[in-house]
A.B. asks: 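This is the structure, below, for whatever I ask next.
Numbers restart at 1 for each chain; the letters A, B, ... are given by sequence-line order, proteins then strands.
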Amino acid sequence: MKTVIDSVLSPIGLLWSNWRARLGMVIVGGFILIAILAPWIAPYSPTSQAFGRMLPPSSAHLLGTTQLGQDVLSQLIWGSRTSLLVGAAAGGLVTFIAIVIGLLSGFLQGWIDDALMLLTNVALVIPGFPLMIVLSAYIPVHGVGVIIVVLSVTGWAWGARVLRSQMISLRSRDYVASAEFSGESVLRIVFREILPNMTSLIAASFMGAAMGAILGEAGLEFLGFGNPQVVSWGTMLYWAENSSALISGQWAWIFAPGLALALLGVGIAFINFGVDIISNPKLEA
Amino acid sequence: MQRPVVSIEDVVVTYRSKRRRTALTSVQGMSLEVGAGEFVGLVGESGSGKSTLANAVLRLLTGGGEVDRGRVSFNGEDLLMLSEESLRTVRWRDIAVVLQSSMNALNPVATIRTQFRDVIRAHRRSSWSEQQVDADVSRLLSLVKIDPKYASAYPHELSGGMKQRVAIALALVLGPRLVIMDEPTTGLDVIIEHEILSDLRDLQRERGFAVLLISHDLGTVLEVADRVVVAYAGRIVEDRPAKALLNNPLHPYTRALLDCYADPGADQVRITYIPGQPPNMAALPPGCPFWPRCAEAEEKCQQGPVPPLTRLDGGGLVACHHAGAGTREGADPNLGRSGAVYVKSRANASASHHPVITVTGVYKTYRRNRLPLVALNDVSLTLPRGTVTALVGGSGSGKSTLARLITGMERPDRGTIRFDGRDIPRLGRRGLHAYRQHVQMVFQDPFAALNPMNTVGYTLLRPFVNYGRLSSTEAFKRVRQLLEQVGLTPADAFVGKRTSELSGGQAQRVVVAKALAVNPDVLVADEPISMLDVSIRAGILRLLDDLRAQRGFTLLYITHDLLSARLLADQVIVLHRGEIVEQGLAADVIQSPQHEYTRLLLRSIPNPRRRTLAAESKVSP
């Protein structure tokens, strides 16, 4: 039990000892807290239209109000939930697909590898964002779930390739041959013997995928491919743009969600720096 | 001794890791002088601090290592205090370095000639014409016995041994006064290693530069060096002229190291090994760091201060409370340490002729860069049940390929490999799974063969679970038994350890245990001791021998080392360039080798005793 706890806590401790990762963890942790505590810290309901329309920032509405008279700050706080949910869910799904395809393809070689790599290469050359737009335009229902699926289907190829090449390098290690001599099955060798040795690479590809998903989701919603009734940073940008917020001087309405997105992205990127340093001690300086 | 070229005084080096908040003092005050034109060998096993010291001299420490104290005097200056720019001119021009990895440090996209030219132009003769450079390159290449026509070759066109020779020539290009060589031939074929070192010795005599040769192998060092310095646990324990050290080693550690060598051709081969593990610098015992492994240790050694390096009347230095007094009375190193001696007489080989594995007419060719590389060419052999066969050969002989074919890791191009009526190359995944219940493998590098993320217990449990179909309590019981059988006691202390926390010897014992978990009929051991420290090698050999006697499995022992083959094997098969050149009973083959290649292999075994022979034959008319 002690070793299990150690194996979870010691990487976090290592991350915490690196200032970049620490900063990243503070930023991302802050957003997670805001998302969890949204009902208590948001001053108003994000959908309540009880206020004056297009109000500039004031002490009652720190970031002003929307064209429908909703409080922008409350929307920003509640919107963090969508972004984090999409980041975690789509990032996780993307990583999962990349792991399964990358590892099996790298370990098995032969025709299975050829087929999976053909699929991966096709997925790689198709430009991601236009594909997302096309997919979400054809799917009749709009919503966060659909966006998560679309992001996952379009996002896994790069990770699969990276994991496959790492797999090819690890599979020729003696401990893999040694596991075969212990009578282990292919699945057990791949997922129990080799996978744990790729933790940092997988963590890094999860971070990358989560960041891509958060930005992709905001992008899709900004272009109007999401459900405009949902409160998220992407829809906030969509409505701000549609109501010419910038022209009417509603700068806080349009900048706040953009800045929040950028800050979350920076946080994730900083954690990623730390993961890099754990996996490659030579970067420690 | 002549005036020293370089004088290292009381250097202390500590590795600090900010991340892990640790500090490890791996060099604990070493002093060492190298005289002009002198060939000094620095010997030690892992943890001795020998490489750290070498890197500290030219301030090439990496991984958080810092010199805390000490001086390195060169030309009246302290190299540790010199500015980075002045040091740059000393490096290579005055003090050159050759590392084990030097051959891989050659620029792969530049010809050999270009690499010499760049150094010559950068450090010495920027005005030299192409002809002058060419002449110099040819001269240097001939010095290290490489045909000057290779000047226009790229590194990948040369063999490993040739690349290391080029690296040595590159080190000499500016005419340095001292060349520091850190394991320059480790990893090369034994025959090549022997050739390079003896050529280096001739070259050094001829040109008069000084050499500090760092090696884990006392045998090799004694053959070439004028003076030998033995390091243990970050300190120097003995520093004496090679001949004196060989004839009358004073420190018990030196004595024990020398006992790890023997003449494989003798009627009775006897080696001893040092009990315990190489020093763990993070947890050194109080007192003399060697006492836990020392046969002569007494109370004074265990408690008092570390014995200082003391100058002896007859010349030389030693750090031991007993030194000078000779071996302490009644301290027979074998007493109370059962199993420390390994004796092999000219006994009759086991008489079994019933083959357990039969290899017939096997061919294997690899294609690398579209060039065919013949690994095995019509090889046939049988492994008689219950015997030990040593498969001996240098690198590229095909011995490891044969091991991979026999264990089913690869398939031959042609030929059959039969075990119990099955043809191994035809087995599918399921057939191989079943085959591995009968034929198991011990790998060369124990750390590569153990998954660093797993515990010892998990590693050993898996074969029981997959093949034994045991309940988990029963399997755990068997794991503990197995650990005790391979000498890892108490077993409970090892079950929960990560494999990455083990020492080299312990890790190899776990690898052996894992292979034996399924109680195989045949064990294939591919160079199981070549990655281990000299002092613990015989222990692993002894373990294999004992386990075989207990369990009666057939052992195929693959090695380049005829001494260990003699100790372990009933039958010896010599493989050269993919063909069997000689085979027979171990004692016969080693005592009266018929093939020239076997004789060459025998001559290349590091054997300190031979030095006296060589030296004396030169003196006598």
A.B. asks: Provide the closest heavy-atom pair for A:Ala209 versus A:Val94 in the form atom of the first, atom of the second, distance.
C.D. replies: CB-CG1, 3.6 Å

A.B. asks: Specify which of B:Pro452, B:Ala448, B:Ala517, B:Ala515 makes the most heavy-atom pairs with chain A at under 4.5 Å.
C.D. replies: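 Looking at each of B:Pro452, B:Ala448, B:Ala517, B:Ala515 in turn, B:Ala448 comes out on top.
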
A.B. asks: Can you say whether B:Met409 sits under 4.5 Å from chain A via the side chain, the backbone, both, or neither, judging by heavy atoms?
C.D. replies: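 The answer is the side chain of B:Met409.
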
A.B. asks: Does the side chain of B:Leu483 come within less than 4.5 Å of B:Leu460's, by heavy atoms?
C.D. replies: yes

A.B. asks: Looking at residues at least two apart in the chain, or sitting in another chain, which of them share a side-chain hydrogen bond (donor to acceptor under 3.5 Å, both in side chains) with A:Ser182?
C.D. replies: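 Expected list: B:Lys514.
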
A.B. asks: Relative to chain A, which segment of B:Thr407 carries a heavy atom at a distance below 4.5 Å: side chain, backbone, both, or neither?
C.D. replies: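 Both backbone and side chain.
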
A.B. asks: Name, in order of residue number, those residues of residues 468-481 of chain B that have a heavy atom at a distance of less than 4.5 Å from a heavy atom in chain A; otherwise write 'none'.
C.D. replies: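 Not one residue of residues 468-481 of chain B has a heavy atom under 4.5 Å from chain A.
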
A.B. asks: What residue pairs, at least two apart or across chains, pass side-chain hydrogen bond (donor to acceptor under 3.5 Å, both in side chains) with a residue in residues 113-127 of chain A?
C.D. replies: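 Residue pairs with at least one partner in residues 113-127 of chain A: A:Ser105-A:Asp113, A:Asp113-A:Arg164, A:Asn121-A:Arg161.
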
A.B. asks: Assess whether a salt bridge exists between A:Arg192 and A:Glu184, defined as any Lys/Arg side-chain N lying under 4.0 Å from an Asp/Glu carboxylate O.
C.D. replies: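 Not counted as a salt bridge, because no side-chain N and carboxylate O are separated by less than 4.0 Å.
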
A.B. asks: If the condition is salt bridge (charged side-chain N to carboxylate O under 4.0 Å, His left out), which residues does B:Glu66 pass it with, not counting sequence neighbours?
C.D. replies: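 B:Arg16.
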
A.B. asks: At a heavy-atom separation under 4.5 Å, does B:Val511 approach chain A through its side chain, its backbone, both, or neither?
C.D. replies: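 Contact with chain A: none, neither part.
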
A.B. asks: Determine whether the aromatic ring centres of A:Phe206 and A:Trp156 lie less than 6.0 Å apart.
C.D. replies: no

A.B. asks: Is it the side chain or the backbone of B:Asn451 that comes within 4.5 Å of chain A heavy atoms, both, or neither?
C.D. replies: both

A.B. asks: Please assess A:Glu180 against A:Tyr175 for the test side-chain hydrogen bond (donor to acceptor under 3.5 Å, both in side chains), listing each intermediate value before the final yes or no.
C.D. replies: CA-CA 9 Å; A:Glu180 277 172 4; A:Tyr175 68 77; over 6 Å; no

